[in-house]
Amino acid sequence: MTHHATLPMPGPAQWGAEEPPPVNRRPDGGHGGLLPRLMPAHPGPVDLTEHVERFGAPPYRGAPRRLIGDVEAAGLTGRGGAAFPTYRKLAAMAAGRGPAPVVIGNGAEGEPASSKDKALLWFSPHLVLDGLQVAAEAVGSATVGLYIHRNPRLQERLEVAIAQRAAAGLDAAPVELTEAPHRFLAGEESALASRVSGGPALPRFKPPRASQRGVAGRRTLVQNVETLAHLALIARYGPGWFRSAGTPDEPGSMLATLHQADGRTGVVETTLGTPVADLLRLPAQAVLVGGYHGAWLPGAQAELLPLANAALRPLGAAVGAGVLAALPADRCGLAETARVVRYLALESAGQCGPCFNGLPRMAGALAELAGPWPRPQAQADLERWSGLVAGRGACHHPDGTVRLVRSALQVFAAEIDQHAHGHCTGTSGRPFLPLPAEPPLDDTDWR
Ligand SMILES: Cc1cc2nc3c(=O)[nH]c(=O)nc-3n(C[C@H](O)[C@H](O)[C@H](O)COP(=O)(O)O)c2cc1C
Ligand code: SF4
């Protein structure tokens with residue numbers, strides 16, 4: 001049986017509008033391994049009254065560390081992109097010496113192709129806020145923050161939710177909201193730590209990591225907001241319940257942002273291990289997996305795969321933050337990749353030479369490949385620059401960009417050949433993959 005529930009993607013213009021109902025809703029609200037777990041089982045956001053009726057008060061354990069064994073048994077991994085085991089971060093933070101750590105929920109979601117964190121914060125804010133509280137208790141912290149994508153309506157809704165919880169005495173630690181600038185890198189954890197400390201959202205070289213010296217110089221636990229919502233449910237229902245969805249190696253449900261070839265987009269809650277073909281309407285010429293730091297796969301190959309790292313990693317792809325996009329038959333994959341890489345080059349924080357100099361050159365070479373009659377040297381240049389920038393930055397921006405470019409060179413090899421002869425199989429020049437209308441070009445908008 002396929003478990004997934006669909007919600008409309010709340011683009012800024014739509015938030016608060018009437019939403020069509022999600023599919024696959026369960027009358028029991030999704031307990032017992034059925035979906036949705038994180039998203040509401042009805043159209044519209046969950047307010048505090050409904051949340052407390054359904055889930056009760058935040059599931060505190062009464063002392064630090066007590067939750068960590070359950071998180072280990074549940075096998076929860078971070079939903080911010082890297083799929084790192086959450087219990088290891090909690091345990092390291094709880095065991096650390098010195099002043100108590102800071103805990104921040106990461107809802108920056110700078111990736112233009114992802115909307116799942118905005119959707120979660122909009123529809124189920126109290127699960128995220130419960131998760132923040134129980135994570136703080138687990139690591140012995142009373143300093144808690146939520147870092148969110150900049151949107152006035154989302155901010156207002158969260159301010160109300162936080163104030164209502166404070167009035168109801170639900171939160172052990174007060175929650176401070178910080179808005180992330182609209183930059184691709186704003187959610188990288190060292191950029192987050194700088195921004196929440198009052199500085200610009202710029203990544204920095206590690207060490208020290210945020211876990212060693214983060215917000216205001218204190219040890220900082222950064223967890224994606226979806227990870228925190230899962231944590232809140234594991235604290236309530238236990239690891240066995242969590243594992244009743246997903247695969248033994250990659251348990252639980254996850255939120256994914258889907259871009260169908262017909263242009264429709266949406267956020268779905270699905271289980272890890274769900275066939276890609278159950279999520280995207282296929283066939284498609286190619287599928288982008290994992291967003292703009294992710295990888296293209298040939299459509300015929302993606303059609304046979306589950307949405308799980310065990311299957312994707314050997315192919316150079318990963319679930320990441322759950323973006324899947326089916327490239328329509330009438331678009332040129334090279335042109336789409338060139339648009340995205342131009343955007344990624346403009347999003348370089350400009351702090352590291354190889355990234356600052358290399359990404360624009362890669363974007364230029366890819367734009368040439370995406371046009372008619374490229375010089376044969378353009379592909380060689382692209383490959384050379386990929387080798388020069390990978391692993392050479394303070395953050396993973398160059399590495400993620402190189403992953404996308406290398407996958408495009410493989411998957412669209414036949415298209416490169418076409419372009420070399422002055423042809424292109426794309427018949428529509430309409431952009432498919434979403435990008436901000438006007439990439440920010442100055443240095444003033446990192447706050
Ligand atoms: C360039 C870049 C951008 C990132 N953006 C986000 C983001 O918007 N949201 C997020 O949760 N994690 C983002 N991350 C990952 C964070 O650095 C961090 O690993 C994550 O928030 C940890 O949470 P998790 O373990 O719950 O996934 C980004 C990482 C990189 C390298
Ligand atoms: S690698 Fe690039 S994006 Fe990352 S900090 Fe350095 S210049 Fe900025």
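If you're wondering where the values come from, they're calculated on a predicted model, not measured in any experiment. In each ligand, atom 1 is the first atom listed, and ligand 1 is the first ligand listed.
A cation-pi arrangement is present between Arg37 and Trp241 under the rule of less than 6.0 angstrom and at most 45 degrees off the ring axis.
Leu369 contributes atom CG, which lies 10.5 Å from atom OG1 of Thr337 (distance to the nearest 0.5 angstrom).
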Start with the C-alpha distance between His397 and His293, add both sets of side-chain angles, then the distance that settles side-chain contact (heavy atoms from CB on, under 4.5 Å), and finish with yes or no. CA-CA 8 Å; His397 189 48; His293 275 180; 3.0 Å; yes

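For atom 1 (C) of ligand 1, the candidate residues are Leu185, Thr77, Leu228; the nearest heavy-atom contact is made by Leu185. Within the set Glu109, Glu188, Arg183, the minimum heavy-atom distance to atom 28 (C) of ligand 1 is found for Glu188.
If you number the atoms of ligand 2 from 1 as listed, the ones under 4.0 Å from a heavy atom of Leu185 come out as 3 (S). Close contacts of ligand 1 with Thr227, meaning ligand atoms under 4.0 Å from a residue heavy atom, involve 24 (P), 26 (O). Close approach of ligand 1 to Val222 is summarised as follows: ligand atoms under 4.0 Å from at least one heavy atom of the residue are 21 (O), 22 (C), 23 (O).
Inspection of the environment of atom 6 (Fe) of ligand 2 yields the following protein N, O or S atoms under 2.8 Å: Cys352 SG.
Remark: distances from the non-hydrogen atoms of Ala82 to ligand 1 are all 4.0 Å or more.
Of the protein's heavy atoms, Gly187 O, 3.3 Å lies nearest to atom 13 (C) of ligand 1.
Residue Arg79 touches ligand 1 through its backbone alone, judged by heavy-atom distances below 4.0 Å.
Where the criterion is an N or O separation shorter than 3.5 Å, residue side chain and backbone included, Gly80 meets it with respect to ligand 1. Taking only nitrogen or oxygen atoms, main chain and side chain alike, Glu189 reaches within less than 3.5 Å of ligand 1. The distance criterion of under 3.5 Å between nitrogen or oxygen atoms is not met by His293 with respect to ligand 1.
In this structure, Glu347 does not pair ionically with Arg342, as no charged nitrogen and carboxylate oxygen lie closer than 4.0 Å.
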